[in-house]
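Just so you know, these numbers use all the heavy atoms, side chains as well, and skip hydrogens, waters and symmetry mates. Heads up: numbering here begins at 1 and tracks the sequence.
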Amino acid sequence: MNGLKGWFAVLAGLALISCAKGPSEGGASDPATDAAANRWIYSQMIRQYLYNDYTKTITPDYNQSCENFFTGLLSSRPTDNDGKHTGTDNYFYSSMERSGTSKTAVSGKVATYGIEYKCYYTDYSRTYVAARVQFVVKGSPADRAGIRRGDWICLVDGKPIGSNNTSVLRRGGAVTLWVERMEKTMQGGFEIYQTVYEKSVSMDAAETLDVSPVLTDTLIVRGSRRIGYLVYNEFLSEPAGASDGRYDEQLKAVFTDFKRQHINELVLDLRYNGGGYVNTCRLLCSMIAPQSALGQVFCIERFNDDLHALYGETVLRFLPEGEVGGCNLNLARLYVLTGPWTASSSELVINNLRPYMPVKVVGTTTEGKNVGSSEIRSNVYGIVLRPITGRAFNRDYESDYADGFDPDYPADDDDNQDQMLELGDPDEFVLQYALADIAGSPAAATSKADDLLRGPYTPAGEPQPEGRIRGMIFTAPGGTDGPFD
């Protein structure tokens, strides 16, 4: 392990990483400088890229932009898992950017309106979209403007939202929003959904907010079952630049309260969680798992064959009781709510708890990201690389979820466009499936769903909202920041 930590040490400047889809992030390009930078990029990739056996087969052409050069080194082989390259999906997990062009994250201290949304095409040409609000950050400009989960934002300052310009809803100056709600009507003797005008609101300019990954938590009682519900949106211990672990402490406070309330079931909502630090994921799982799992193997991480021969694999264990502040709930099972944005460290929760307890998945199929990246920075060339560098396994060396985890109980909010209730409401569409199963009556949830009609808009199928982490950020034992995101 000491050799491994020594390797970690040569990777300077490791930080919170965004693994958004796509390899490049714009920035200026100078041919002479890029040629030298490309030689540095190649030297890093053939050493650290998980699929470096593919990269070694490439004859490098250094006389091109760094973005194009980097992309040309990446593997899209079906046997590898650097992104998705089937059907309409074609993107890499590995990414690069020029320094100073990084996008902001959803959690942490960020400039934002405070809206999380999903886009739907509103016309056959797929030129324009409407944004369906998934949640609103408390105290944000959107919250003060009265925007709520389930609202449809159709116009910004009187203009339709272009399908290639959805960032107008994430940050910017003061704006006026045209908001609609979905309702069921009769047309030609048939029930259909359509959006109708609800209100026009003025929203203040985006503000820098300290956005906690802990969005909401509550207690729901069903007979003898005392059910904790938690929406957790990113595995992040603290805002960038801080060193106080405040988000981990907030997470511990939630579980302290759950323990005080004697919960015996937990519904963990990871629908909007694209991943983050594995150490924070380990903390969460250590508070959920049966007490007998504490101190046992939590995660095994493997590098490419060259590095594995030198350094072996990294083994992380569940934290002991003393390190989770007495917050272990000693649960017998777990329910996880999922969606297409559930990725990486969120999927690690499912995969790495399953050797120790039943984990039931409710929602839609997850992303299928069982690999992580490292951040490799060059101050000389002003470039940051984030190639896929490792793969995660559970105690039983299982890691076969590159196609995502399919739900035990399918529940898709796209089938529910007129009944989007607040997160934590016991009748909320996806949550009620978990509650029904806990109560021993899953048919109750199914009967509700049978009455729903699909809405009039087609999901835009956009990637996860920009800036949200899509990864597993590993930290080596002993506190040394590791390269894996």
Mark yes or no for whether Gln432, through its side chain, and Asp427, through its backbone, hold a donor-acceptor pair below 3.5 Å.
no
Count the heavy atoms of every other residue, nucleotide or ligand shown that sit under 6.0 Å from OH of Tyr124, and state whether that count exceeds 12.
no
Heavy-atom distance under 4.5 Å between the side chains of Ile376 and Pro387, does that happen here?
yes
Are any non-hydrogen side-chain atoms of Phe235 and Val278 less than 4.5 angstrom apart?
no
Under a plain distance cut-off of 3.5 Å, with no hydrogens placed, do Tyr117 and Asp151 share a side-chain donor-acceptor pair?
no
Under the salt bridge (charged side-chain N to carboxylate O under 4.0 Å, His left out) test, which residues partner Asp123, sequence neighbours left out?
none
Any side-chain heavy-atom pair of Glu234 and Val211 under 4.5 Å
no
Look at the rings of Trp178 and Tyr197 and say which category their plane angle falls in: under 30° parallel, 30 to 60° tilted, over 60° perpendicular.
tilted
When the side chains of residues 214-223 are checked against the rest of the protein, which donor-acceptor pairs come out under 3.5 Å, sequence neighbours left out?
none

Could you check whether Glu367 and Tyr93, counting side-chain N and O atoms only, form a donor-acceptor pair closer than 3.5 Å?
yes
Please collect all salt bridge (charged side-chain N to carboxylate O under 4.0 Å, His left out) contacts where either partner lies in residues 153-166, sequence neighbours excluded, each pair once.
none
With a 4.5 Å limit on heavy-atom distance, are the side chains of Glu67 and Arg98 in contact?
yes
Given side chains that start at C-beta, do those of Tyr120 and Val129 come closer than 4.5 Å, heavy atoms only?
no
Asp413 and Lys118: salt bridge (charged side-chain N to carboxylate O under 4.0 Å, His left out), yes or no, with the steps?
CA-CA 11 Å; Asp413 267 324; Lys118 182 177 181 180; over 6 Å; no
Among Arg132, Arg149, Arg170, which one satisfies salt bridge (charged side-chain N to carboxylate O under 4.0 Å, His left out) with Glu116?
Arg170
What heavy-atom pair brings Cys154 and Ala130 nearest, and what distance separates the two atoms?
SG-CB, 4.1 Å
With sequence neighbours excluded, what pairs up with Thr364 under the side-chain contact (heavy atoms from CB on, under 4.5 Å) test?
Pro340, Asp412
Check the orientation of Tyr401 and Phe405. Use parallel for under 30°, tilted for 30 to 60°, and perpendicular for over 60°.
parallel
Apply side chain to side chain contact (heavy atoms under 4.5 Å, CB included) to Leu236 and Tyr277, showing your working.
CA-CA 6 Å; Leu236 181 61; Tyr277 283 96; 4.1 Å; yes
Output yes when Glu375 and Arg377 qualify as a salt bridge under the 4.0 Å nitrogen-oxygen rule, no when they do not.
yes
Hey, are Arg386 and Glu97 close enough for a salt bridge, meaning a charged N less than 4.0 Å from a carboxylate O?
yes
Test applied, side-chain contact (heavy atoms from CB on, under 4.5 Å); reference residue, Val267; option that passes from Leu230, Val336, Leu337:
Leu337
Glu301/Arg282 ion pair, N-O < 4.0 Å:
no
With sequence neighbours left out, what residues match Asp408 under side-chain hydrogen bond (donor to acceptor under 3.5 Å, both in side chains)?
none
Asn370 and Asn351 side chains, donor-acceptor separation under 3.5 Å
no
Answer whether the closest heavy-atom distance between the side chains of Thr195 and Thr122 falls below 4.5 Å.
no
Residues that Arg144 engages under side-chain hydrogen bond (donor to acceptor under 3.5 Å, both in side chains), provided they are two or more places apart:
Asp204, Glu207
Quick one: does Met287's side chain get under 4.5 Å of Asn328's, heavy atoms only?
no
Short N-O contact, Asp210 and Arg246, less than 4.0 angstrom:
yes
Would you say that Glu249 contacts Asp244 through its side chain, given a criterion of any heavy-atom pair below 4.5 Å between the two side chains?
no
Assess the side chains of Asp257 and Gln261: does a donor N or O sit below 3.5 Å from an acceptor N or O?
yes
